[in-house]
Amino acid sequence: MAKTNPGRFFEDYRVGQVIDHAVPRTVTSGERALYHALYPARHALYSSDEFARACGLPESPIDDLAAFHVVFGKTVPDISLNAVANLGYAEGRWLTPVYAGDTLRSSSEVIGLKQNSNGKSGVVYVRTTGSNQRGETVMEYCRWVMVRKNDPDAPAPETVIPDLKKVLTPEDLAVPQGLNFDNYDFTLAGEPHRWGDYQVGETIDHVDGVTIEEAEHMMATRLWQNTSKVHFDATIRPDGQRLIYGGHVISMARALSFNGLGNAQMIVGLNAGAHANPCFSGDTVKAWTEVLDKADTPAPGVGAVRLRLVATKGGAPFELKGEDGKYLPNVLLDLDYWALMPQ
Amino acid sequence: MAKTNPGRFFEDYRVGQVIDHAVPRTVTSGERALYHALYPARHALYSSDEFARACGLPESPIDDLAAFHVVFGKTVPDISLNAVANLGYAEGRWLTPVYAGDTLRSSSEVIGLKQNSNGKSGVVYVRTTGSNQRGETVMEYCRWVMVRKNDPDAPAPETVIPDLKKVLTPEDLAVPQGLNFDNYDFTLAGEPHRWGDYQVGETIDHVDGVTIEEAEHMMATRLWQNTSKVHFDATIRPDGQRLIYGGHVISMARALSFNGLGNAQMIVGLNAGAHANPCFSGDTVKAWTEVLDKADTPAPGVGAVRLRLVATKGGAPFELKGEDGKYLPNVLLDLDYWALMPQ
Amino acid sequence: MAKTNPGRFFEDYRVGQVIDHAVPRTVTSGERALYHALYPARHALYSSDEFARACGLPESPIDDLAAFHVVFGKTVPDISLNAVANLGYAEGRWLTPVYAGDTLRSSSEVIGLKQNSNGKSGVVYVRTTGSNQRGETVMEYCRWVMVRKNDPDAPAPETVIPDLKKVLTPEDLAVPQGLNFDNYDFTLAGEPHRWGDYQVGETIDHVDGVTIEEAEHMMATRLWQNTSKVHFDATIRPDGQRLIYGGHVISMARALSFNGLGNAQMIVGLNAGAHANPCFSGDTVKAWTEVLDKADTPAPGVGAVRLRLVATKGGAPFELKGEDGKYLPNVLLDLDYWALMPQ
């Protein structure tokens with residue numbers, strides 16, 4: 001057993017440590033097609049090379065969330081193999097679109113540590129950076145996870161809690177080079193509503209739902225080379241259920257949000273995210289969105305919208321937390337992100 | 001909810017209306033591979049670039065039915081979101097093969113309307129055209145669906161029933177440019193039987209069967225960006241079952257028909273089609289064929305066969321309708337199409 | 001029914017007979033992506049074009065086992081459609097890597113025949129060769145299967161049992177042209193252990209497990225165009241279960257073996273293999289390995305390891321056979337292969 005990866009424990013992390021994650025991955029039109037088979041993804045910019053070119057890009061990029069999943073998947077063996085919980089995300093930025101043929105790798109810097117008062121576990125904060133074969137950063141994000149200690153007697157590290165932005169400002173967002181929505185074709189995009197039609201505070205019920213299957217979430221999670229045992233091995237949990245990768249729920253909810261937000265084309269910022277409750281095979285995922293903010297961008301015809309995307313398992317739309325301030329049991333995901341939209 | 005697509009209702013259609021469907025799609029070798037993973041597809045022309053080149057094509061096209069599914073899928077949000085039933089097909093013609101890298105879009109013209117006597121719904125006839133990035137028509141077909149009225153008091157439109165051909169004539173069929181079966185390799189194709197070996201009236205039991213899984217039909221239906229809720233959301237129907245997209249059964253039956261019709265390579269015409277009974281996960285799909293007609297084509301070595309392809313859920317082969325003239329309960333599909341075969 | 005393929009029976013084979021198998025297949029990046037979705041495959045050489053180039057290859061090849069499955073799948077209609085059991089493999093050699101865009105075909109020579117004493121069946125030995133569009137042999141292997149007789153009165157052929165090597169010698173192994181592990185990046189590969197770190201006799205528990213789903217094994221088996229009915233049709237076996245293609249278990253176990261053998265990059269030889277017990281949906285496949293031998297190769301920095309890869313359904317690691325010499329009921333696969341590893 002000495003040659004298998006036991007994963008890192010809380011006491012193995014040091015602030016400032018940089019971990020280069022293994023198994024670079026070349027993504028192709030095969031990954032693009034699979035993304036469309038696994039999720040009801042219909043955003044035109046990611047579906048049609050012609051549409052993407054009309055928006056100033058060289059061709060249709062790999063879905064922003066697929067890029068995220070690939071970058072994230074590589075971190076699992078080093079960061080979250082012994083994680084008890086995935087606690088949060090912040091400062092997620094998409095900096096360069098990923099195209100078929102690109103090879104992605106990722107690395108993480110430990111930016112914070114805080115041992116829990118029980119002495120058995122602690123919170124590890126990392127900033128993960130995904131880059132392509134030209135060394136360009138394609139995306140970066142911060143994540144913090146609760147990780148078990150292997151040796152309960154290992155001394156507690158000095159507590160360092162990174163100062164992370166609650167919300168990215170519009171200036172933090174990177175609009176892909178060349179992006180131009182001046183000649184945006186709303187008919188082909190499938191939605192008449194443009195940036196100006198959305199009001200801060202507005203909520204949208206995305207109506208559609210997808211009942212989740214084991215084969216699908218496992219194929220998705222493997223595709224991103226995420227090795228977390230709980231997603232694949234039904235004998236791990238006492239209830240015999242495989243826990244669904246939180247990213248599967250993110251992609252499902254985002255794809256469902258096409259119905260009402262079909263012009264929220266590109267994801268450029270991830271402000272925060274919580275996997276409120278676990279998702280299992282048989283759950284029917286639905287989604288709703290609240291418009292949190294709007295901003296201009298320097299790119300022609302391109303506006304930004306800050307959206308709260310909530311996934312539920314058949315829950316009522318627009319209900320998020322109970323009187324106790326806790327997520328309602330039917331809420332799966334609470335995601336706060338910035339997207340680009342034609343003006 | 002105002003921003004989501006409610007779909008069109010019967011009173012929203014006008015004869016002569018042209019609807020440009022949204023979300024163009026670039027199809028790639030990824031879609032080709034997925035087609036081979038989802039269906040037991042073995043026709044050599046669609047499996048091997050080398051075989052396709054030996055038949056005069058530049059490379060292996062995307063399966064004709066995959067092209068149909070992509071074109072069809074785009075119409076769902078505009079034509080059949082509020083459909084009660086998919087009633088029929090006619091005058092389906094494949095005009096230009098689709099190759100990896102092509103971007104498809106589709107549009108439909110309303111060619112007929114007939115309100116039902118109950119005043120609550122009506123039949124909408126459309127002619128749908130799929131085109132590629134060069135503006136070439138890749139396929140077209142007529143379809144009629146029963147659509148609910150939203151406002152029962154909306155006035156009935158003038159009844160227009162289009163004059164559609166019951167069967168395409170051989171002259172209606174488009175043989176792909178350059179197709180040449182003079183040097184057809186029957187060994188590589190996997191079947192010794194050529195055009196001359198099939199007799200009108202002959203029936204073929206394709207023997208093999210596939211038991212249908214939820215994950216597979218959902219992946220297929222999503223891949224074609226078909227958004228019809230009943231295929232994905234198990235909570236929609238009172239029985240908790242997801243209805244399987246009729247096109248999934250078409251592709252499954254066609255792929256199974258390789259065993260006995262492995263040389264019926266290209267589909268060039270769709271004369272008629274009925275989804276006789278619904279298909280659900282757990283059904284074992286089998287198929288049989290009746291040879292309905294044969295014809296010459298101008299292309300070297302290329303003949304045409306008109307075939308009735310019947311899919312059943314474990315039903316006896318060669319039984320189609322009961323004494324009451326209705327489809328037997330085990331019949332899923334009755335499809336009448338033209339295919340090209342080496343002479 | 002005359003036009004469907006009944007398969008060959010024992011009396012239809014002759015020693016020296018060469019069978020060219022049908023349906024050549026062009027493999028693409030789509031097949032590569034699907035392989036990563038179906039199996040937890042993480043070997044860097046097959047995941048990253050950049051990593052492959054740093055090892056002297058033009059780009060990342062299609063997984064060696066995917067190449068095997070494609071070559072094998074073509075043989076099913078001719079060799080094993082009426083097979084009662086897949087008895088063994090020998091002298092499997094990978095000679096040329098397969099890249100996206102290659103078109104594979106295969107042919108088999110009958111190299112042995114032995115009628116069983118019951119007179120109802122016999123063993124057929126074949127040597128199967130897979131080649132690409134340039135006529136280069138990509139791989140070859142011997143396999144023997146027990147096949148039913150159609151006519152019990154057909155005379156027994158002369159018994160010919162081929163003289164097959166129990167184990168390929170290091171000299172039998174073909175190292176891909178240009179392969180060079182001198183600058184191998186162990187960090188990106190995800191494993192620190194190199195050729196020198198493994199000892200003959202050492203055993204490794206690969207720890208991870210995957211619970212098998214119907215949709216996944218059917219998609220995999222169809223992707224390789226394997227037409228064996230028992231994998232797809234739940235009505236064939238009295239227990240209503242679909243038998244999982246043995247190759248699916250091979251690929252699953254090999255992918256799981258990354259955890260502990262992540263640097264055993266390329267498979268170059270298959271010495272022997274037994275599908276010890278059938279695998280069904282719901283089984284949780286785990287794997288362990290025993291190092292059987294080590295050898296040098298002429299390529300820079302490249303060593304060879306001979307490995308016994310054992311797949312179990314949740315069975316204890318390192319237990320293979322009972323006191324009766326038979327495989328334990330939890331053992332699914334016992335595979336003896338050569339792989340290339342950095343020194």
Side-chain angles (χ1 to χ4, degrees), chain B residues 28-44 47-53 59-60 100 185-193 197-198 202-219 255-256 258-262 282 284-286 289 314 317, chain C residues 1-7 19-35 37-38 70 73-74 76-78 81 100-105 107 132-134 213-229 231-236 240-242 281:
Chain B
T28 69
S29 57
E31 276 77 9
R32 189 160 97 167
L34 270 160
Y35 199 85
H36 281 90
L38 292 164
Y39 305 108
R42 299 185 73 227
H43 288 90
S47 176
S48 163
D49 284 346
E50 303 295 322
F51 192 95
R53 282 194 267 271
E59 65 181 44
S60 195
D185 187 327
F186 288 85
T187 300
L188 281 184
E191 276 255 338
H193 312 294
D197 296 328
Y198 291 88
E202 181 177 357
T203 53
I204 302 155
D205 176 5
H206 300 300
V207 181
D208 302 316
V210 173
T211 306
I212 301 283
E213 294 294 317
E214 300 283 17
E216 291 174 1
H217 78 80
M218 292 204 300
M219 288 184 68
L256 288 170
F258 178 89
N259 198 353
L261 277 167
T284 297
V285 175
K286 299 198 160 196
T289 291
Chain C
M1 260 171 278
K3 288 204 168 70
T4 53
N5 174 22
I19 303 169
D20 288 323
H21 305 301
V23 190
R25 172 62 165 274
T26 305
V27 293
T28 70
S29 57
E31 276 78 8
R32 189 160 96 168
L34 270 160
Y35 199 85
L38 292 164
V70 171
K74 301 192 182 327
V76 170
D78 295 316
L81 210 61
D102 282 355
T103 299
L104 304 186
R105 55 165 83 184
S107 69
N132 64 20
Q133 70 279 9
R134 291 181 298 277
E213 294 295 316
E214 300 283 16
E216 290 174 3
H217 79 79
M218 291 204 300
M219 287 184 69
T221 309
R222 270 193 297 255
L223 190 58
W224 322 126
Q225 297 178 310
N226 179 328
T227 59
S228 188
K229 292 174 179 61
H231 306 320
F232 302 106
D233 183 342
T235 67
I236 295 252
Q241 288 194 288
R242 278 159 276 185
S281 167

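So you know, we letter chains A, B, ... as the sequences are listed, proteins then strands, and number each from 1. We use all heavy atoms of the structure for the numbers below, so side chains are in, but hydrogens, waters and symmetry mates are not.
Counting heavy-atom pairs under 4.5 Å between each of B:G260, B:A52, B:S48, B:P192 and chain C puts B:S48 at the top. For the options B:A100, B:G30, B:A189, B:A37, heavy-atom pairs under 4.5 Å to chain C are most numerous at B:A37. For the set B:Y35, B:Y39, B:F258, B:F51, the count of heavy-atom pairs under 4.5 angstrom toward chain C peaks at B:Y39. Between chain C and the residues B:T187, B:L38, B:D208, B:I212, the largest count of heavy-atom pairs under 4.5 Å involves B:L38. For the set B:P40, B:A44, B:S47, the count of heavy-atom pairs under 4.5 angstrom toward chain C peaks at B:S47.
Proximity to chain B is limited to the side chain of C:R105, based on heavy atoms less than 4.5 angstrom apart. Heavy atoms closer than 4.5 Å to chain C are found in both the backbone and the side chain of B:L34. Using a 4.5 Å cut-off between heavy atoms, C:R242 touches chain B through its side chain atoms alone. With a threshold of 4.5 angstrom between heavy atoms, C:H231 does not approach chain B through any atom at all. Of the two parts of B:E202, only the side chain, counted from C-beta on, holds a non-hydrogen atom closer than 4.5 Å to a non-hydrogen atom of chain C. For chain C, the nearby parts of B:D197 are the backbone and the side chain; heavy atoms of each come within less than 4.5 Å. Only the side chain of B:R32 has a heavy atom closer than 4.5 Å to any heavy atom of chain C. Heavy atoms closer than 4.5 Å to chain B are found nowhere in C:A33, neither backbone nor side chain. In this structure, chain C has no heavy atom under 4.5 Å from any part of B:E31.
In this structure, the side chain of C:Q225 engages the main chain of B:A41 through a donor-acceptor pair within 3.5 Å.
Closest heavy-atom contact between C:M218 and B:T211: CE-O, 3.3 Å. What you find for B:S29 and C:T28 is that their closest heavy atoms are CB-OG1, 3.4 Å. Nearest approach of B:Y198 to C:K3, heavy atoms of both residues: CE2-CD, 3.1 Å. When all heavy atoms of B:G209 and C:F232 are compared, the closest pair comes out as O-CB, 3.7 Å. The minimum heavy-atom distance linking B:I204 with C:T4 is given by the pair CG2-CG2, 4.2 Å.
Taking CZ of C:R25 as the reference point, atom CG of B:D49 lies at 11.0 Å (rounded to 0.5 Å). B:E50 contributes atom CD, which lies 4.5 Å from atom OG1 of C:T103 (distance to the nearest 0.5 angstrom).
Checked against ring pair (Phe, Tyr, Trp, His ring centres under 6.0 Å), B:H206 has no partners two or more places apart in sequence or in another chain.
Counting heavy atoms from C-beta on, the side chains of C:R222 and B:E216 come closer than 4.5 Å. Between C:M219 and B:M219 there is a side-chain heavy-atom pair separated by less than 4.5 Å.
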> Does the pair B:E191 and C:N5 meet the rule for a side chain to side chain contact (heavy atoms under 4.5 Å, CB included), with working shown?
Replying inline: CA-CA 8 Å; B:E191 276 255 338; C:N5 174 22; 5.9 Å; no
> So B:K286 and C:D233, side chain to side chain contact (heavy atoms under 4.5 Å, CB included) or not? Walk me through it.
Replying inline: CA-CA 9 Å; B:K286 299 198 160 196; C:D233 183 342; 3.6 Å; yes
